[in-house]
Protein chains: 4
Amino acid sequence: MSPRTREQFQAMRARTRAKILDRSLELFATKGFHDTSIQMIAQAAGISKGLIYSHFKSKDELLEAIIRQGFEIMERETSGSADPDPASYLANLIDDYYTMLLKHETFWQLYMGLMFQPGIVLRYKETMMKYYERMLSRYARIFRSLGIKNAMLEARLLGAIFDGIAMNYFFDRKHYPLKRLKKILLRRYLPDR
Amino acid sequence: MSPRTREQFQAMRARTRAKILDRSLELFATKGFHDTSIQMIAQAAGISKGLIYSHFKSKDELLEAIIRQGFEIMERETSGSADPDPASYLANLIDDYYTMLLKHETFWQLYMGLMFQPGIVLRYKETMMKYYERMLSRYARIFRSLGIKNAMLEARLLGAIFDGIAMNYFFDRKHYPLKRLKKILLRRYLPDR
Amino acid sequence: MSPRTREQFQAMRARTRAKILDRSLELFATKGFHDTSIQMIAQAAGISKGLIYSHFKSKDELLEAIIRQGFEIMERETSGSADPDPASYLANLIDDYYTMLLKHETFWQLYMGLMFQPGIVLRYKETMMKYYERMLSRYARIFRSLGIKNAMLEARLLGAIFDGIAMNYFFDRKHYPLKRLKKILLRRYLPDR
Amino acid sequence: MSPRTREQFQAMRARTRAKILDRSLELFATKGFHDTSIQMIAQAAGISKGLIYSHFKSKDELLEAIIRQGFEIMERETSGSADPDPASYLANLIDDYYTMLLKHETFWQLYMGLMFQPGIVLRYKETMMKYYERMLSRYARIFRSLGIKNAMLEARLLGAIFDGIAMNYFFDRKHYPLKRLKKILLRRYLPDR
DNA sequence: AATGAATGAGTATTCATTCAT
DNA sequence: CATGAATGAATACTCATTCAT
């Protein structure tokens with residue numbers, strides 16, 4: 001019955017918050033934002049509805065927190081991987097993308113789903129765009145260093161390819177030939193390897 | 001004062017039905033299925049809520065009708081365009097895609113949005129898949145006739161590219177360089193032209 | 001193309017009216033008043049919704065017409081059967097009741113159902129009561145002429161027996177031993193026959 | 001400021017649930033199932049519409065709960081009353097019936113009303129039948145032990161009498177000579193007392 | 001007279017959010 | 001801090017009734 005220290009409290013809160021974020025991400029991604037009720041999240045997280053509201057002001061803010069967190073993780077993980085050889089860069093890029101897609105499948109799925117729900121997207125559009133643009137710039141830089149013309153356009157195309165693959169993959173995860181497409185992609189962008 | 005003829009009634013119904021389909025497609029696409037209420041559709045169509053239900057048994061069936069209609073139009077318009085020269089085929093393919101995308105923008109946007117709403121997608125997955133597969137087969141046939149190996153995989157890649165482009169386009173219609181991407185695409189797939 | 005005479009028109013109207021009454025009685029009795037829509041009646045009668053309203057001001061008035069008609073028929077058919085021998089009277093009474101029950105089964109069922117729908121009953125209570133009381137008086141008269149004391153109470157009991165039997169019969173028409181109960185009844189009220 | 005204990009929550013729920021059951025029974029019985037809206041029940045119970053749905057999944061389930069509860073009470077209260085003398089049994093039976101009728105008037109009225117609403121009855125028919133049959137068996141046993149032939153048929157007749165009396169009583173509660181009918185009934189079934 | 005398209009008030013139901021304890 | 005009872009606004013859907021032709 002010794003009173004918990006401030007640290008213990010904070011750790012607990014952090015754990016609860018993480019659990020909420022975790023569970024809602026999963027539910028939002030697999031069932032959709034509208035078809036996931038606060039009640040369901042609470043149940044999945046093993047806590048009460050009220051407690052969710054002590055962490056997030058509203059369902060919308062919870063969603064926002066998930067998105068923000070997702071982007072942060074994504075960015076943190078992508079920013080590394082310097083490589084002197086531009087061609088490897090490109091291979092890394094493609095590798096990275098696939099790694100990310102599979103590692104953060106759930107977030108990715110949620111994120112793409114949101115892109116098409118205009119009512120929701122509006123609120124996060126800017127955040128999403130910033131992230132996306134940063135990514136494109138990275139692609140473009142590599143293309144440019146490889147002497148490719150229209151580097152930004154090429155970056156856009158690569159981005160579109162990635163998005164399209166992800167989209168199709170999520171639509172029919174079980175049967176989509178993700179790996180074989182990766183091979184084709186590598187062959188196309190790095191023919192001389 | 002003589003009663004309306006059967007034809008008159010049918011014409012009235014057809015007109016109303018078209019208006020409903022039209023308006024809901026637009027609203028579903030721009031605001032999302034969940035965020036569009038029957039009330040809103042009624043208002044947009046200038047009719048009463050009840051009348052919608054005299055045409056469609058439920059909101060779900062209305063959506064289904066929209067999807068079905070969309071696919072039908074799409075298919076009807078794509079099925080033509082025979083061309084003796086396979087290379088032209090490919091150019092046509094890309095042309096066609098862009099034409100379709102712009103002509104039926106709204107439906108396209110709805111369709112993509114639905115792909116990520118698991119609760120909804122389930123009901124129409126099969127319909128969507130059939131359509132998509134038919135499209136891929138067409139692509140593959142062309143690749144095959146051009147002597148390209150892995151024709152089906154290449155078809156999948158092209159499909160992904162198209163989807164990715166559409167997705168990005170819808171996310172930021174105003175600034176997306178749709179036309180320039182088309183050029184890049186044509187150059188890539190038909191380098192010797 | 002010769003114009004129909006006034007008589008022909010009236011005959012047609014009467015026929016339509018009869019069909020409406022007939023069909024609604026059946027539907028109200030078997031599905032319940034609330035669970036029968038005007039649309040269903042129109043369909044069952046092979047006419048349009050509007051036409052029903054040209055015969056009856058409202059669904060309620062249609063019900064009222066059915067009830068009124070039912071009572072009229074009932075009364076007309078019961079009023080006859082004079083019999084010099086009081087004991088035969090009693091047998092007749094029981095016979096009559098069973099005959100009526102089976103002949104106008106549908107109306108009977110509707111009528112009993114309405115007795116317990118307070119919202120509806122209120123409007124027809126008086127009509128129903130008058131009819132019922134007249135019936136009871138007839139019973140009482142017979143009991144009195146047979147020298148039975150408490151004739152009115154006995155009439156009430158007989159009435160209750162009739163109602164109870166009908167009720168149970170309607171609840172499980174297929175298995176209810178209607179005929180055997182009649183025998184028991186006759187034996188009880190006319191032991192020396 | 002300490003959170004409510006599980007017991008406190010349970011007590012709250014139980015109180016609310018009882019209030020809902022209580023009020024709906026009354027309203028369903030006096031106004032009919034269809035003519036009682038959830039809104040009315042909420043108002044009568046002094047709670048919000050939503051709260052009703054946290055206790056019962058639907059209006060139908062609420063009705064079912066009422067019926068189930070009614071039968072349970074009925075059965076619990078009837079099951080007692082052993083008596084060595086069969087004749088007393090019979091008197092008890094009649095007594096019991098009248099006691100029940102008056103004690104649970106409202107439920108009785110609801111129950112009878114439902115018997116004639118085909119759409120509703122279907123769902124509960126079996127439950128109702130089971131209860132009714134158990135009751136009839138009890139009656140039959142007594143008749144048999146009194147050496148009466150056709151015991152089951154006699155039971156059915158008694159059942160019908162009870163139902164008929166109840167029905168008439170509910171139709172015109174104020175003026176129906178319930179007590180005097182009881183006397184007549186007792187005299188008829190127990191003439192030598 | 002006859003049709004059925006059109007209306008809109010009414011109803012069950014859901015769910016994010018609040019709040020007393 | 002934590003709970004879940006309670007609220008009420010929002011939403012899909014039904015159906016009696018009206019009315020133009």
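Proteins come first, then strands; the chains are lettered A, B, ... in the order of their sequence lines, and each starts at number 1.
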Return the stems involving DNA chain E, sorted by first number, where pairs are Watson-Crick (N1-N3 with N6-O4 or O6-N4) or G-U wobble (N1-O2 and O6-N3), both under 3.5 Å, and runs are 3 or more long.
E:2-21 with F:2-21
Contacts of B:A44 meeting side chain to side chain contact (heavy atoms under 4.5 Å, CB included) (sequence neighbours excluded), chain-then-number -> B:R23, B:L27
Nearest-0.5 Å distance that lies between atom CD1 in B:I38 and atom OG in B:S58
8.0 Å
Mind calculating the distance between CD (A:E61) and C1' (E:dT17) to the nearest angstrom?
13 Å
Decide whether a cation-pi geometry holds between D:K59 and D:F28; the criteria are a distance under 6.0 Å from NZ or CZ to the six-membered ring centre and an angle within 45° of the ring axis.
no
To the nearest angstrom, how far is D:Q43 atom CD from F:dT7 atom P?
12 Å
Between CD1 of A:I41 and P of F:dT3 the distance, given in whole Å, is 15 Å
Is there a side-chain contact between B:Q109 and B:E105, using heavy atoms and a 4.5 Å cut-off?
no
Between atom CD in C:Q10 and atom P in E:dA1, what is the gap in whole Å?
12 Å
Nearest-nucleotide comparison on DNA chain F, the residue closer to the 5′ end among B:K57 and B:R4:
B:K57
Can you check the B:E7 CD to E:dA5 P distance for me, whole Å?
13 Å
Per-nucleotide protein contact string for nucleotides 6-12 of chain E, where B marks a base within reach and S marks sugar-phosphate only (heavy atoms under 4.0 Å, - for neither)
BBBBB-S
Using 4.0 Å as the upper bound for N to carboxylate O, is an ion pair formed by B:E64 and B:R68?
yes
Rounding to a whole Å, what distance do you find between B:D35:CG and E:dA16:C1'?
14 Å
Exam field: side chain B:K49 to backbone B:I41, donor-acceptor pair closer than 3.5 Å
no
Angle class for the C:F107/C:Y111 ring planes (parallel below 30°, perpendicular above 60°, tilted otherwise)?
parallel
Rounded to whole Å, CZ of C:R17 lies from C1' of E:dA1 at a distance of 17 Å
Within the supplied structure, the quantity of interest is the number of heavy atoms (other residues, nucleotides, ligands) at a distance under 6.0 Å from B:K19 NZ; does it exceed 12?
yes
One should read off an interatomic distance between D:I66 CD1 and D:F71 CZ, to the nearest 0.5 angstrom, of 12.5 Å
In whole angstroms, the gap separating P of F:dA5 from NZ of D:K19 amounts to 14 Å
